[in-house]
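Only one structure is covered here, and it is reproduced in the block below.
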Amino acid sequence: MKKVFQLAALALVVAGCGCGMSPQDRLTLNDKKINEIIAQMTLEEKVEMLHSKTNMSSEGVPRLGIQDIKYTDGPFGIREENGDGFRPLGWTLDSATYFPTGSALAATWSKEMARKNGWAMGKEGRLRGKDIILGPAINIQRLPVGGRTYEYLSEDPVLAARLSVEYTIGSQEAGTAVCLKHYALNNQETDRGSVNVIADERTMREIYLKPFEAAIKEGGAMCVMPAYNKVNGYYCSENAHLNNEILRGEWGFKGMTVSDWGGTHSTMGAALGGLCVQMTGDNYFGQALIDSVRNGALPESVVDDKVREILRLRFAIEPVPEDVANTIMTSQPETQQVAYEIAQKSIVLLKNEGNLPISKEVKKIAVIGQNAVLTTAAGGIGAGVKTLYEISPLEGIQKRAAEAGVEVAYAPGYKNYKMRMGWGRPAAGPVDPLTANSTDEPADPALLAEAVALAKDADMVIFFGGTNKSIETEGSDRKNIDLPCGQNEVIKALYEANPNVATVLISGGPTDLRFLEPYSPAIVQGWWNGLEGGTALAEVLFGDIAPSGKLPFTFPKKLEDSPAYALGNFGQNASEDLFTLMYRLDATGYTREQIQEYIANLPDPVSEYKEGILVGYRWYDTKEVPVMFAFGHGLSYVDFEYGPLACKKKKDRFLVTFELKNTGKMEADEVVQLYVRRIDSKVERPFKELKAFDRITLKAGEAKKVTLEFSASELAHWDIDTNGWVLEPGKIEILVGSASDDIRQRIETDIRL
Ligand code: BGC
């Protein structure tokens, strides 16, 4: 293993140290050598680099000894080895670590955890001989129903940006490049292959592009994946405004772009619109590209620019030699440890009337609900992980309960909506009696009766509800956010049988808890939490550690309250999903030509982001719409006291200091959050916006001085008239607290120019 990392270090030496240069400019250190290489290459050799070689690789320059580029899906587990398609090869050493999914990582609000997550992914990527991880996935969670909410980080651009930067640095330091995806405004799965997203420039800049901008400028991300959708009329893979003007022009990106799989739609459009590599296929960036150059339509220099950008990444990331890659298991104890630490910090205590932690008096627990035994690594399409192992919630609870001498009984409680695993057709055969055919199927009377009997006989009930990866998945959005398969009926019956109930929600996105909440005195958001998720959950439930996760998105009371729904601008009449078609190539034998014809004739729906900058809590706060659980919310087993704020200005930075005290009886982490409210702004603003946060560990009774800082430039808005950032002077109120709806201290100051 050592050799792999030595090689990564060597890559930096080859490139020189680049001290004092921006992370992007450092990528240009080998440009002289790269230009010499390009000068020796034929047009055919160059174009060979600009499309897929296999489903997960693109060609190097074999004649000159330059290796292919090998890609792997992330973002929270290195994907199992597939053939030239998506069918697993059945290797024995390719079991990876399943890390907590995107929204779980974001719930830690921890830059340190994001850095470690990136690092661990990068390490496992190298063990598998990969150059680029297709991740992190950093789109803003615009819709509560979003099929990829669980992959994405947050509804807030500052939280998503900070974590994206750290993940990027971590992975690239370990020697594997990241590929930020999906650039940009891929916020719905419905018609993702062709939907035309209409968003104004201010909305794009202040909300949707922020995480990408930060990961590129501060993190030095080497690769970007233009998304499937269109933005303001142009496919992302040929969107010159996004790729050339903003990404390369304004942000100084020096790396390469690779289209999402099947997301390239033209030769000239994509060539001039900033795409480097067509994934997958070569119908646009193969012979057609050669012809375009030969007949004078496209200058060869455009092709050279793409080759240069690819080679910059190739020289920054040392290829792992064939005889070094895949010699030991992908998942290793030190990377599993990272997944475990993230899981410990991600679990969110949403509500607690004293039922948690589990009292010493509890001698028998009834664990009810199939989500307690569900494993969550596989499924969900591209982001599924072949994990080395996975501790389910029930296993975690059983192990911990045994140590405490507590008895655990389990009943499935409800049928679960059928899991669609793997890439082939669903297996034929008898329907499993524990499987529901639709998410609205009511509770099964026999399962319900069995669960109620267990609840009556126990001192406490832990109910596992939520969704699964067939309900929340790439390729489609949920129809609603209701708890599926009669879970509401089950919780009511359980509560009536035994009111000492705690609910654990196993899901990646928000659910409608209006019915459940009165019947559940404690509620925990347990996420899809990686291979040690069950262990971490048991530690929280039994009070070994205090819960410390905070919501990275809002739980609205009802779906209709959320901005896109309230404004009626999210249509859900989807056509067939583009990626699902691509995997049918494996499953049903469609020809590549048939699929390409389908892609060429995709429908043309529009999604207009009429809510503008009022995304997530920015909307609920500004429009005074009550929510179930607010952005940033998360309780602990202790209380924290926030002292008064002092605000100092240092050049263009605001430094806000206060004392934070843990007044409880155990060590705990608090995520402190700083929001800014503009008092006298002349332009439309959300009521308040997150500007800084930190995670602080405090022993029982301990107090610490905390400083949160942000720069004035982060308070600038994008001015539509001048098409640039403008910092408006005026009064601001700084709000510091434990959640967006739990502000403890405030102070006024101003911005003077
Ligand atoms: C997804 C990407 C993924 C790619 C390769 C696409 O359908 O949108 O996130 O990286 O497939 O599997």
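Read the numbers this way: they start at 1 and go in the same order the structure lists the ligands and their atoms.
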Query raised in the report: Which atoms of ligand 1 are found less than 4.0 Å from any heavy atom of R192?
Result: 7 (O), 8 (O)

Report summary line: With heavy atoms and a 4.0 Å threshold, my read on which part of R79 contacts ligand 1 is side chain

Query raised in the report: For ligand 1, which atoms, with element, lie under 4.0 Å from some heavy atom of F86?
Result: 12 (O)

Report task. Identify whether NZ of Lys or CZ of Arg in R142 sits under 6.0 Å from the centre of the six-membered ring of Y609 and within 45° of that ring's axis. Result -> yes

Query raised in the report: Hey, which of W527, W528, Y98 is the one that makes side-chain hydrogen bond (donor to acceptor under 3.5 Å, both in side chains) with T376?
Result: Y98

Query raised in the report: Any nitrogen or oxygen of H182, main chain or side chain, under 3.5 Å from a nitrogen or oxygen of ligand 1?
Result: yes

Query raised in the report: Would you call R205-E250 a salt bridge at under 4.0 Å N-O?
Result: yes

Report task. Decide yes or no on salt bridge (charged side-chain N to carboxylate O under 4.0 Å, His left out) for K70 and E322, but give the supporting numbers first. Result -> CA-CA 12 Å; K70 295 183 180 154; E322 298 269 321; 3.1 Å; yes

Requested in this report: Check whether any heavy atom of M279 sits under 4.0 Å from an atom of ligand 1.
Outcome: no

Query raised in the report: When you measure from the side chain of R314 to the backbone N and O of D68, does any donor-acceptor pair fall under 3.5 Å?
Result: yes

**Report entry** Proximal atoms of ligand 1 relative to K181 (non-hydrogen, under 4.0 Å)
**Finding:** 2 (C), 3 (C), 9 (O), 10 (O)

Query raised in the report: Judged by non-hydrogen atoms, does E151 sit under 4.0 Å from ligand 1?
Result: no

Query raised in the report: With a 4.0 Å cut-off on heavy atoms, does E189 reach ligand 1?
Result: no

Report summary line: Under 4.0 Å from one or more heavy atoms of M56, ligand 1 contributes atoms 5 (C), 12 (O)

Query raised in the report: Of all the atoms in ligand 1, which lie at a distance below 4.0 Å from a heavy atom belonging to M225?
Result: 10 (O)

Report summary line: Numbered in order shown, the ligand 1 atoms found under 4.0 Å of a heavy atom of R148 are 1 (C), 2 (C), 8 (O), 9 (O)

Report task. Going by heavy-atom distance to atom 4 (C) of ligand 1, choose the closest among D260, L134, N55, T280. Result -> D260

Query raised in the report: Is the shortest distance from a Lys or Arg side-chain nitrogen in K181 or D73 to a carboxylate oxygen in the other one below 4.0 Å?
Result: yes

Query - F553 side, atom CZ; I140 side, atom CD1 - distance, nearest 0.5 Å - result: 13.0 Å

Report task. Report yes or no: does a heavy atom of Y228 sit under 4.0 Å from some atom of ligand 1? Result -> yes

Query raised in the report: In terms of side-chain geometry, is the basic nitrogen of K386 or E80 positioned less than 4.0 Å from the acidic oxygen of its partner?
Result: no

Query raised in the report: Would you call E474-R192 a salt bridge at under 4.0 Å N-O?
Result: yes

